[in-house]
4 protein chains.
Amino acid sequence: VTSPGRDGLFSGLFDRGAAGTGDEAWLQAMLDTEAALARALERAGFAAEGSGAAVTSVANVSFFPDKSFGGLAATAGNPVPALVKALTGLIPATAAGAAEAVHRGATSQDIIDTAAMLISSRVIDAALADLATAAGHAAAMARSHADTIMAGRTLLQQAVPVTFGLVAAGWLTSIDEARAGLRAIRSRRLAVQFGGAAGTLAALGEAGPAVAALLADELGLAVPVLPWHTDRLRIIELAATLAGTCAVLGKIARDVTLLAQTEIAEVSEDLAGGERGGSSTMPHKQNPVASIVILGCAKRAPGLLATLAAAAEQEHQRAAGAWHAEWETLSDLLRLTGSTASWAADLLSGLQIHPARMRANLDATHGLPMAEHLATLLAPTLGRLAANDLIAKASLQATADDTNLADALLTNPEAAAKLASARVSRAQIEAALNPASYLGATAEFIRRALANHAEQDS
Amino acid sequence: VTSPGRDGLFSGLFDRGAAGTGDEAWLQAMLDTEAALARALERAGFAAEGSGAAVTSVANVSFFPDKSFGGLAATAGNPVPALVKALTGLIPATAAGAAEAVHRGATSQDIIDTAAMLISSRVIDAALADLATAAGHAAAMARSHADTIMAGRTLLQQAVPVTFGLVAAGWLTSIDEARAGLRAIRSRRLAVQFGGAAGTLAALGEAGPAVAALLADELGLAVPVLPWHTDRLRIIELAATLAGTCAVLGKIARDVTLLAQTEIAEVSEDLAGGERGGSSTMPHKQNPVASIVILGCAKRAPGLLATLAAAAEQEHQRAAGAWHAEWETLSDLLRLTGSTASWAADLLSGLQIHPARMRANLDATHGLPMAEHLATLLAPTLGRLAANDLIAKASLQATADDTNLADALLTNPEAAAKLASARVSRAQIEAALNPASYLGATAEFIRRALANHAEQDS
Amino acid sequence: VTSPGRDGLFSGLFDRGAAGTGDEAWLQAMLDTEAALARALERAGFAAEGSGAAVTSVANVSFFPDKSFGGLAATAGNPVPALVKALTGLIPATAAGAAEAVHRGATSQDIIDTAAMLISSRVIDAALADLATAAGHAAAMARSHADTIMAGRTLLQQAVPVTFGLVAAGWLTSIDEARAGLRAIRSRRLAVQFGGAAGTLAALGEAGPAVAALLADELGLAVPVLPWHTDRLRIIELAATLAGTCAVLGKIARDVTLLAQTEIAEVSEDLAGGERGGSSTMPHKQNPVASIVILGCAKRAPGLLATLAAAAEQEHQRAAGAWHAEWETLSDLLRLTGSTASWAADLLSGLQIHPARMRANLDATHGLPMAEHLATLLAPTLGRLAANDLIAKASLQATADDTNLADALLTNPEAAAKLASARVSRAQIEAALNPASYLGATAEFIRRALANHAEQDS
Amino acid sequence: VTSPGRDGLFSGLFDRGAAGTGDEAWLQAMLDTEAALARALERAGFAAEGSGAAVTSVANVSFFPDKSFGGLAATAGNPVPALVKALTGLIPATAAGAAEAVHRGATSQDIIDTAAMLISSRVIDAALADLATAAGHAAAMARSHADTIMAGRTLLQQAVPVTFGLVAAGWLTSIDEARAGLRAIRSRRLAVQFGGAAGTLAALGEAGPAVAALLADELGLAVPVLPWHTDRLRIIELAATLAGTCAVLGKIARDVTLLAQTEIAEVSEDLAGGERGGSSTMPHKQNPVASIVILGCAKRAPGLLATLAAAAEQEHQRAAGAWHAEWETLSDLLRLTGSTASWAADLLSGLQIHPARMRANLDATHGLPMAEHLATLLAPTLGRLAANDLIAKASLQATADDTNLADALLTNPEAAAKLASARVSRAQIEAALNPASYLGATAEFIRRALANHAEQDS
């Protein structure tokens, strides 16, 4: 499941997305940026013909086997100067003038920030594919379980009935909203950063903006109003969209872990016939691994988001530290987002739904989740507050006696009298206790979620 | 400066926006929601004629002098049930049926979440007004100081020249981007929450969605695809937009505090003729209060954002705790955003720019910030790396000797020889050391920032 | 339940501790600091006789009815200068020289930081009282339910048996550890801050340190090595201890909400006979309010802690913004800690334990939680991995067939053969399936937790 | 500078401590734990003689060249089951019974948590060594620059004079406090985790606690009161201590970056003769790399701390996700702490102090930082507030006229008259303007910081 090159101890859990965010991904993205710059400079007449192609031909991680810029990074405070030197050294002597085109007009921050945008675009594209899969499965469940009645639960207590289709529709809509956010960021806010030493592109005279536009064109990124070296709003927006995606999937995973509890057992993960979910010691365990890992990833996003938001306080034309704090933090957030999306596709594609258990859990509570419905039946004659009081007392009685709410009501003389005076019959009460009679707009909401989904994917 | 009712010990600093976020604001927003619900129910035929007006007539904080729901909130876990009871009690007996319309179909979360959206819309509207003022002043400075040369600074070291107009243009663009984000959230994501006990609106039968739409119409909020009781993505998006606004203003304030340092003194705050900025003990102090308070507010936003992002992991149909963690946190973030926006309008409207000092600080460094320019002059003949080396050595020499970079170059025999061989004259060197000759796209970037601003405000 | 003066909309939930953290608490603490300083100065011979008493006599919030320092705070950037002026104005003219003693040698930060320490000490004292109550009840439950068998649950799945006494012992130990942390911070790290304008106490000549020591003595705070104006480590340590306390109580509340789920029902909160825990619409609801509010408070602590940790990057001798970010943040964290402690005392004192339900939930899973025990029985002859495989297969079978693990094993020919070859009898298997036979060190761990508790409280 | 095996793109910056935290470190720590468990089991009579040695002999990362547990981790949700299988497979067949001792009684969490404690202890030990170096250099500077006068700065404005020795003493004390915290956590809170499947150690019968004690003995870790599988207070305490260390060093780095600003230039980093601190484009740049990287690391600690604090809400006997969120987060925080400590040792060992520049910057402000001193001179006769007003006006005048505060006072007729009536002579004024006359307790505070340091290291 893990991608090539990502064989770390925890990568199967936390680095599972199709697009990388590690050293190799960073190095390639920086090389891609330098190569695109050379091509842009050539197109703008700032580099000899063939420079773009010459630089591009060597701008590949496979030419940098030892990636040994880490040590050198410590002398400059970032790996770009060492990378530029190494890249320049690889250019064939025959490519006259190409060496001069490397990094021309750029500063280290241009390369790192633009590379970060490239990595972001790649991770977002991969995550969008996984989220489309996840949404597709959520939509299918919303449709097929539209009438599968289960307990709605508020504050972890049974409240009123819902259907599993509605639960899935809620998941679906939240995934679709996250996808919309990712697409918007991807197309509008992932912009090239190209400003030179202090945002004036002085080394390119007046031609800087034109080169910047060509660079954006080469890389498929947006052109910003200005170099954004110390305007980090887009980083916050990007990070918030990633964290929002994690949060949405975390909510789904939380629901699954709760519904999959041994005692509730209304859903279960596909554990690949026992291949997955085992314990190192307990032979019977079937742990919902996908949900657990999603939660493990999602719980890390808020702290990373906070770091990136705090790092936006950047001094003058380049920040002393706040910028550096972004690099690995954004990488981690991208990685975890990619991982949650991948796990979510897996989770929802294999989720097993147990309608009988859903119904049994609801029925086990003696009609209490229908108490609100009963109250609405009595409110017109008794008044809303008095009706609520009557039903609340009967609910306590039903729980104490382990009996049905209808019986608790009808066998209590005072309640029975009030029901009689309100001309409410046992048949009406029993009808009101039927969960299917109290689903309100459930079907309509499912329909809307599916329509919204269809629109988004059209 | 403080609004009525906000006379706390620190409110002059941290609660300075025009729109409130405290108890009074919350209470009124909840009452507004209940009143709007009564009107919506009446319009949908679910409440007697006149119910909406009757509820609306008493839904005002002035009728709730003691706001004593805090104690009662502890019994229900939130203040809504006590509020509903109190509100119902105020309805004139003559308004037949109006009492029955109060809160009908709603659950506590509907009221609190929708009230939160109302408060958010009010704070955002107020902040947008302050940000328009701030942006206007930034635009004016970008225009009038387009040619005011100063040192660009990276990593807190002088780098290459910029102009103060470009700095202001950067501030402007970031404010304009924050405004765009706030407007988008305001119109598209501040949505009514109306789902009843568990998101089915069961108590309203099939008419729930229609009532929800009318409620949104009454309140000027958007209609969501589904009730969003446990889909908190919009809260994260809202919070990120607020935190992003704080971050953008925090960056400006950081720049101002740095430029206003005693030893740099390139800008100063308008301290109202000494009224503001004094110290309790040091008679000479003129502290940049507005910037400091903006930073004091902005530094709190990331932690609050993280809390809201983490709180999105909400169980089933209502969260046990995560939802409750949002209320005050969102209030605080709204309050601090309103405060930073208000302070920023103040800061930028009175900011004093000292061009002579800007020039003097740049000139004091012996032409070193022009070193890159010199290097580009030599690169075509010497090669880029060799040119950089030559200038780097001369820069160290100039610093050591407290002399000008031109002299350091020309008095060094080796350097002089290389310059001669490259046919670079002293006149050329001196021209290259003129900051005005090395501003690159500065003018164009300022023009773009102003055009983007004009477009946004058109 | 709410303290006087704290009648806000949400104070019953989030401001429930006995010690205040609001404006009144801050104002009094600042006045206490100024009064103690006057007394210290008098003791050191720096103020006229009677100055201390004169200042102390007016240093009471009741003399400052309008607390109108908020507006003035905006001109100085903090409320102290206005407070000093007002306090000085209240000193009787007869107290010759007392006015000169007010604030002598101090700077605003000295007053605010020392006041923060005072408020912290008061909140910690109150929280320690509530935590002692909570720990007492946890200890009682650990003792009385030492043998109450229930399912241990890992990853929300039944794992192996534990006893409720062990669960309570775990809660107890964590509360005791939190108490130890609070006591250590209280006595060792809550130190007076007194450094004057820039930490030299220059205005007091060489006598500064002696006055600082007397000030600490007056206030019952520690004396630091140095003024700590921009060394904020103690704030981080304080904040971490508060957040740790919230976290420990949050874990307990999470357990309670899970154990109190409708379908599990192994514990329930004392809802005061239905007074607490009701819903605004659902008559049957009995929400575990205390746990929910504890979670609602505890989930906010990490973000506040992060803000305080980030705010420790303070410039030179007083920070421009980072210091200001601490004030309300620390207040909030103190308030929430006080509130969680108060709720926790309430929660644990009334918690109802349902042993029959605990046993029923365990028994409902066909002996699966004893699978590990069975495996250890077979491991010596079959080898550990083979034994695990055998039991894992039988576990799947037992689940599929809704039968007991013993039956699943013995009716499977292959398993039966292996059992026979291992000379394991049905009686041995059935004995191994008795949860009481597989509690390991449970009793010893409970004993240790109680001993540790007794030691801490001795 | 980078340790072997840590050759990543950014490791020279962010992974510079002597102790590793990556996959290799984790794997070795888990192997160390399994080996120590085998030895402990043997000592307790639970494993055949020689089992401990047999397991230990193969428990080395060098035997696990491909570390390919990542993929398998995805099936179990953690890498331990795969590791146990691989480790068991390596045990020589001749070591009878040793295979049975592997992992006996333990659960995956025992191994991962204990390994985390081991890694923590190794990183803390390495960081303590670096911090001792850093503190030593700070102490040396506190001593040698005890009388080096410089401007104290509050809110980034010159306030009153201090000495650089006092600044260094402040740094020293904060480092010493961080060291004390690390040592306390190291010895008291880094405890073995050993509880078996659900914290009862059931698989070891009643002998579990004895094995746990032996395991702790083998590993040099503390014995906890109880297994702490879901009591994560020690993780919060550990994380807070790490984050506090980062914060303390971040404050120092912030000071250095500010003091090293081009325009202030009171300190500079040792840039190894130009080897370090260069720019990819600007030949003259000498960036304070160590401080920048320290800030880049330190700014990430608060978010990681928040994640770990939030993750402490762990369900029942093992958390579904919150536990998993800790692994990489704690690793990152350890790594960044190790890196900041290493960089801090480097920074302080080479820091260059420029006393002449310190004095020049102070003198450039016309005596304004002595305004408070002057005011204290006049206060006895004029009253404190009137004296402050007089000096405040003269300060504004001195700034406006670019003249000395003494002259501004004496040439103003009103001020001169007041001075005369107070019998304050020009000589007294000039004496009061001597910074050396207004250092208060500076020498005493330096002495205390050094004494505290000596005591800590004794």
Side-chain angles (χ1 to χ4, degrees), chain A residues 1-2 7-14 16 23 26-27 66-77 79-81 84 103 107-108 196-197 203 253 257 275-276 278-282 287 289 291-296 299-300 302-304 306-307 310-311 320-322 324-325 327-329, chain D residues 1-2 7-14 16 23 26-27 66-77 79-81 84 103 106-108 196-197 203 253 257 275-276 278 280-282 287 289 291-296 299-300 302-304 306-307 310-311 320-322 324-325 327-329:
Chain A
V1 201
T2 317
D7 54 357
L9 208 47
F10 303 121
S11 13
L13 304 173
F14 307 136
R16 199 177 190 257
D23 277 4
W26 267 99
L27 185 52
D66 60 356
K67 296 176 207 113
S68 60
F69 307 117
L72 292 167
T75 68
V80 173
V84 168
H103 200 60
T107 191
S108 296
T257 57
E275 280 294 295
R276 189 193 281 172
S279 149
S280 69
T281 54
M282 290 175 283
N287 296 317
V289 173
S291 311
I292 291 165
V293 180
I294 290 172
L295 284 167
K299 283 170 183 288
R300 294 169 61 188
L304 299 170
T307 298
H324 307 71
W327 309 340
E328 290 188 335
T329 307
Chain D
V1 200
T2 318
D7 54 358
L9 208 49
F10 303 121
S11 12
L13 304 174
F14 307 135
R16 200 177 188 257
D23 276 3
W26 267 100
L27 184 53
D66 61 353
K67 297 175 205 109
S68 60
F69 306 116
L72 292 167
T75 68
V80 174
V84 168
H103 200 62
T107 190
S108 296
T257 56
E275 281 293 295
R276 189 193 282 171
S280 69
T281 53
M282 291 174 282
N287 297 317
V289 173
S291 310
I292 290 165
V293 179
I294 289 172
L295 285 166
K299 284 171 182 288
R300 294 168 59 188
L304 299 170
T307 297
H324 307 73
W327 309 341
E328 289 188 336
T329 306

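A quick note: this is a predicted structure, and the numbers were derived from the prediction, not measured. As a basis for the values below, the full set of heavy atoms in this structure was taken, side chains included, without hydrogen atoms, waters or symmetry mates. We name chains A, B, ... by the order of the sequence lines, and we start the count at 1 in each one.
Ring pair A:F10/D:W26 is perpendicular by interplanar angle, where above 60° counts as perpendicular and below 30° as parallel.
A:T307 meets the side-chain hydrogen bond (donor to acceptor under 3.5 Å, both in side chains) test with no other residue; sequence neighbours excluded.
Looking at A:A311, there are no atoms closer than 4.5 Å to chain D (heavy atoms on both sides), in backbone or side chain. For A:A322, the parts sitting under 4.5 Å from any heavy atom of chain D are the backbone and the side chain alike. If you measure heavy-atom distances from D:A310 to chain A, you find no contacts under 4.5 Å at all.
The two residues A:V293 and A:L13 make their nearest non-hydrogen contact at CG1-O, 3.3 Å.
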Practice item. Kindly determine whether A:V80 and A:H103 satisfy side-chain contact (heavy atoms from CB on, under 4.5 Å), including the steps that lead there. Key: CA-CA 10 Å; A:V80 173; A:H103 200 60; 3.7 Å; yes
